[in-house]
Amino acid sequence: MGGGDRLNTTGALEKKLKKYFNYDSFRKGQREIIEDVLQGKDVLGILPTGSGKSICYQLPALLLPGTVIVVSPLIALMMDQVKQLKAKHFKQVIALNSFLTPIERQQIYQRLHQYRLVYVSPELLQQEQFVFYLKKMNISLFVIDEAHCISQWGHEFRPDYMKLKETIQIIHNPPVLALSATATPMVQQDIMKSLNKPEMNKHIYPIDRKNLIFSIRKVNEHEEKLASIIHLLTIYKLPTLIYFSSRNTAEWMAQTLAYEIPELRVAFYHGGMEPMDRVAIQQQFMNDQLQVICCTSAFGMGIDKSNIRLIIHYHLPTQIESFVQEAGRAGRDGKTSLSILLYSDKDFFIPKQIIQNELPSIEIIQNAFRVLYTLQKESNIFSLTEEQIEQLFQINEIQWRFMHAQFEKHDIIRDNKIIYDKGKWKEAYQQIVDNIQERTRMKESKLHEMLRWIHEENCLREALYQPFQSTFTKPEDYCCSNCGFTVEQWKPDIQTSHHNQPTSWQEKLQQLFLIGDENEAK
DNA sequence: CGGTACAATGATAGATGTCGCCTTTGGCCATGGATCC
């Protein structure tokens, strides 16, 4: 491609950007990624939150012939994006999910090629019927949004994330764009490996946030945590998230706080709640009708509230990546915000247990092979209900998902049939066991990394970002509790965070037109 | 003892009735979209 062509392309890019998204210029990273994408290269993009990642595929969707497929981890995220695009008069876009009736779904499948942008879950990509239609289409780009989910969820919790590489093959190898706001070099490697794309063009930008203050407070008893939280919430009436590793504790804290601080508007949020309730709580928090949410890790992805000022960790996550994500939900507007982790030595046990429960034990694997062998002798058809599986294999649903994915991977179960081969089974058993041991070791070392950070004596900021990138920006004023910061000296900017502050007419108009946050975050 | 999602299915309680039925004022039946496991 000659220089002249390049210039024309660039001009066209900006024109489209203005026309469809009403931005005058690109933000850092966007142009570089889009140019690579338009040239058909495979791209891995790590851009900080609020930097307009979605433009990186939405704009190419308008320019490229054919359809762009976007793999998204949450239905709510897909719906949100589609809503925003439709408000911008980008109509050839759809989110496919279980909210559609089977009839609607059929109709959409048949005219799928008419859409420029199609959002799907990784699970849907395993539906044969859906892939049947995809195969016949011209797919110009295959996007994985929130690509760290491959690494974070794909190995056990949502194994369909690990099958994306097969889908990419089946739909005739379109260019791939993987995007995330949080990925250590290790996670980047994992993403590229699981997509079977070792040669992706990397566009990595720093993700450190200089407006966040990091603070760790060590306590002896849980009562001290409660006292600390009550103290903090009495001083600071700010949009706040408190993270827990257990649903019960989150509920208990919400109730206790409501009792202890009567004027506080507080709620709890976790994955075990009704979908309707979850949406309601989230909305009330967004609209500043709720000030504090006691939540598990279920609360976060897709929460686009710019003025969260305080993140408290009552429990510690199993890895630094999760902590950075959760703490990073504060101060999206760039204003100084505070992350406080409350730690007692006993807390080590919870993440340790969670890690242990994620994968089946060796005994369970042995038993599973025995059970499968017995079943296979009677009939090679594998059809059991969930209850039967839990009974026979002594396993929970999540562990079974992992096992089932492993059995399919090693060709022990195929199309609900058990295929017996002594040699193959023996080898598969060894590989599965090795895999589990390796994964568990890795998780434990990640937990230790988290604990090492908690016990760090030098700058917390430096130690926190060190696994992610080589450099970071040191703030002028407050840095962390190891660099002389104490909670008492913090004077947050109350102006923008107080719920009674009237929003400007521009903001109201923006909300009305569902234009989203992309203009505000600087 | 502890956490994350999606899709697809079957059971269930509650609303509806392009003039539902029968009769007088609600009770009963078939139907098929939400909701809960």
Side-chain angles (χ1 to χ4, degrees), chain A residues 71-79 95-106 109 119-131 145-146 148-164 182 222 241-253 268-279 294-303 313-319 321-323 325-326 329 344 346-359 383-387 389-390 396-402 404-405 416 443 446-447 450:
Chain A
V71 180
S72 176
L74 260 53
I75 290 175
L77 284 179
M78 301 185 210
M79 307 267 258
L96 291 173
N97 53 48
S98 54
F99 281 40
L100 300 166
T101 64
I103 295 156
E104 280 176 317
R105 186 179 285 231
Q106 265 307 318
Y109 282 0
Y119 287 86
V120 295
S121 67
E123 285 78 8
L124 190 67
L125 287 173
Q126 291 308 308
Q127 299 295 314
E128 220 174 294
Q129 197 200 8
F130 177 54
V131 179
D145 204 6
E146 310 286 349
H148 59 277
C149 291
I150 292 177
S151 187
Q152 205 164 305
W153 283 351
H155 293 281
E156 294 95 18
F157 183 54
R158 291 177 73 177
D160 288 338
Y161 259 109
M162 281 294 153
K163 300 181 186 163
L164 292 177
T182 161
H222 288 294
L241 295 181
I242 312 177
Y243 274 102
F244 299 83
S245 298
S246 129
R247 296 171 177 181
N248 281 338
T249 318
E251 290 194 18
W252 164 81
M253 180 61 78
F268 58 85
Y269 182 105
H270 56 68
M273 293 161 60
E274 288 303 315
M276 283 282 272
D277 294 340
R278 289 176 65 168
V279 173
C294 300
C295 57
T296 62
S297 57
F299 195 80
M301 207 170 0
I303 305 292
H313 277 87
Y314 186 94
H315 292 135
L316 69 155
T318 54
Q319 51 174 2
E321 281 94 330
S322 306
F323 179 81
Q325 277 167 38
E326 288 161 6
R329 305 222 158 92
S344 88
K346 296 165 201 147
D347 293 347
F348 169 71
F349 187 67
I350 306 169
K352 174 114 176 126
Q353 277 305 117
I354 288 174
I355 288 171
Q356 283 299 322
N357 287 333
E358 262 173 348
L359 287 158
S383 65
L384 296 174
T385 64
E386 248 173 54
E387 291 79 31
I389 285 169
E390 284 179 24
N396 65 36
E397 188 217 338
I398 295 160
Q399 290 181 338
W400 169 248
R401 221 162 25 212
F402 170 81
H404 189 244
N416 287 326
K443 282 160 193 264
K446 287 203 152 294
L447 174 56
M450 181 80 230

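Hydrogens, waters and symmetry mates are skipped; everything else that's a heavy atom, side chains included, is used. Every value quoted in this text rests on a predicted model; they were computed, and no experiment measured them. Lettering of chains follows the sequences in order, A, B, ..., and the numbering in each one begins at 1.
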Can you name the atoms? Protein N/O to nucleotides 35-37 of chain B N/O, anything below 3.5 Å, with the distance.
residue : atom : partner  : partner atom : Å
B:dC36  : OP2  : A:Glu274 : OE1          : 3.0

Under 4.0 Å: is that the gap between some side-chain N or O of [X] and OP1 or OP2 of [N]?
X        : N     : result
A:Ser245 : B:dG3 : no
A:Arg158 : B:dA7 : no
A:Ser121 : B:dA7 : yes
A:Gln127 : B:dA8 : yes
A:Arg105 : B:dA8 : yes
A:Ser246 : B:dG2 : no

Describe the nucleic acid contact of [X] in one word from base, sugar-phosphate, nothing, applying a heavy-atom distance below 4.0 Å.
X        : answer
A:Phe244 : nothing
A:His270 : sugar-phosphate
A:Ile354 : base
A:Pro317 : nothing
A:Asn97  : sugar-phosphate
A:Glu326 : nothing

Would you measure the distance from the [atom1] atom in [N] across to the matching atom in [M] and give it in whole Å?
N      : M      : atom1 : value
B:dA30 : B:dT4  : P     : 43 Å
B:dG20 : B:dT31 : P     : 15 Å
B:dG2  : B:dG17 : C1'   : 50 Å
B:dG3  : B:dG27 : P     : 47 Å
B:dC29 : B:dC22 : C1'   : 11 Å
B:dC28 : B:dA15 : C1'   : 15 Å

Worksheet entry | Paired and unpaired positions of DNA chain B as dot-bracket, Watson-Crick or G-U wobble under 3.5 Å, | denoting a partner strand | .........(((..(((..(((...))))))..))).
Worksheet item: Does A:Trp153 stack onto the base of B:dT4, taking stacking as ring centres under 5.5 Å apart and planes under 30° apart?
Response: no
Practice prompt. Check side chain to side chain donor-acceptor pair (under 3.5 Å) between A:Arg158 and all other residues, then give those that pass, not counting sequence neighbours.
Written response: A:Glu123
Discussion item. How many whole angstroms separate atom CG of A:Leu125 from atom P of B:dA8?
Written reply: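 It works out to 12 Å between those atoms.
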Worksheet item: Within this structure, what is the CZ-to-P distance between A:Phe99 and B:dA34, rounded to whole angstrom?
Response: 12 Å
Item to complete: For residues A:Phe323 and A:His313, establish whether the separation of their ring centroids is below 6.0 Å.
Response: yes
Fill in: is_close_aromatic(A:Tyr109, A:Phe130), centroid dist under 6.0 Å
yes
Item to complete: Would you please say whether a donor-acceptor pair under 3.5 Å links the side chains of A:Glu251 and A:His270?
Response: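 Side chains of A:Glu251 and A:His270: pair found under 3.5 Å.
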Discussion item. Under a 3.5 Å cutoff, is there a donor and acceptor pairing between the side chains of A:Gln325 and A:Gln319?
Written reply: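 Their side chains do not contain a donor-acceptor pair, so the 3.5 Å distance test is not met.
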Worksheet item: What do you reckon, is CG of A:Asn357 surrounded by more than 12 foreign heavy atoms closer than 6.0 Å?
Response: yes
Worksheet item: Quick one: which of B:dA7, B:dT4, B:dG2 gets closest to the side chain of A:Ile398?
Response: B:dT4
